[in-house]
Participant: 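The structure that follows is given in the form of structure tokens.
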Amino acid sequence: FPPHASLRIGDAHFERWVLLFNQTLDEHFHGQKTEEARWRAQKMAALFASKIEYYRQADARPLI
């Protein structure tokens, strides 16, 4: 996470990443593992967006 913390990205960027990730899954994969990957990507995007916002609000940097 630390390399991402200082990037000027927000919810729209994560939404776009999830969209592209899901499109790639749809084009190349199917099945239970695909659905798990889709779920994990959504959770990862939400977590990164939340953590980035937290560090911005706290004017802090994550531990390396």
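It should be emphasised that the depicted structure is a prediction, and the values quoted were computed from it without experimental measurement.
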Participant: Please find the pair of heavy atoms, one from Ala41 and one from Val18, that lie closest to each other, and give the distance.
Facilitator: O-CG2, 4.1 Å
Participant: Enumerate the residue pairs fulfilling side-chain hydrogen bond (donor to acceptor under 3.5 Å, both in side chains) with a member in residues 14-24, sequence neighbours excluded, ordered by first and then second residue.
Facilitator: Asn22-Arg38
Participant: Between Arg56 and Arg8, what is the shortest heavy-atom contact and its length?
Facilitator: NH2-CA, 3.6 Å
Participant: Does anything in residues 29-53 form a ring pair (Phe, Tyr, Trp, His ring centres under 6.0 Å)? List the pairs, not counting sequence neighbours.
Facilitator: Phe1-Phe48, His4-Phe48
Participant: Indicate, with yes or no, if Leu7 and Tyr55 share a hydrophobic cluster defined by side-chain heavy-atom contacts under 4.5 Å among Ile, Leu, Val, Met, Phe, Trp and Tyr.
Facilitator: yes
Participant: At their closest point, which heavy atom of Phe21 faces which heavy atom of Ala37, and how far apart are they?
Facilitator: CE2-O, 3.6 Å
Participant: For the atom pair NZ (Lys33) and CZ (Arg40), what is the distance rounded to the nearest 0.5 Å?
Facilitator: 8.0 Å
Participant: Tell me every residue that passes side-chain contact (heavy atoms from CB on, under 4.5 Å) with Ala58, counting only those two or more places apart in sequence or in another chain.
Facilitator: Tyr54, Ala60
Participant: Is Met44 reachable from Ile52 through a run of hydrophobic residues whose side-chain heavy atoms are each under 4.5 Å from the next?
Facilitator: yes
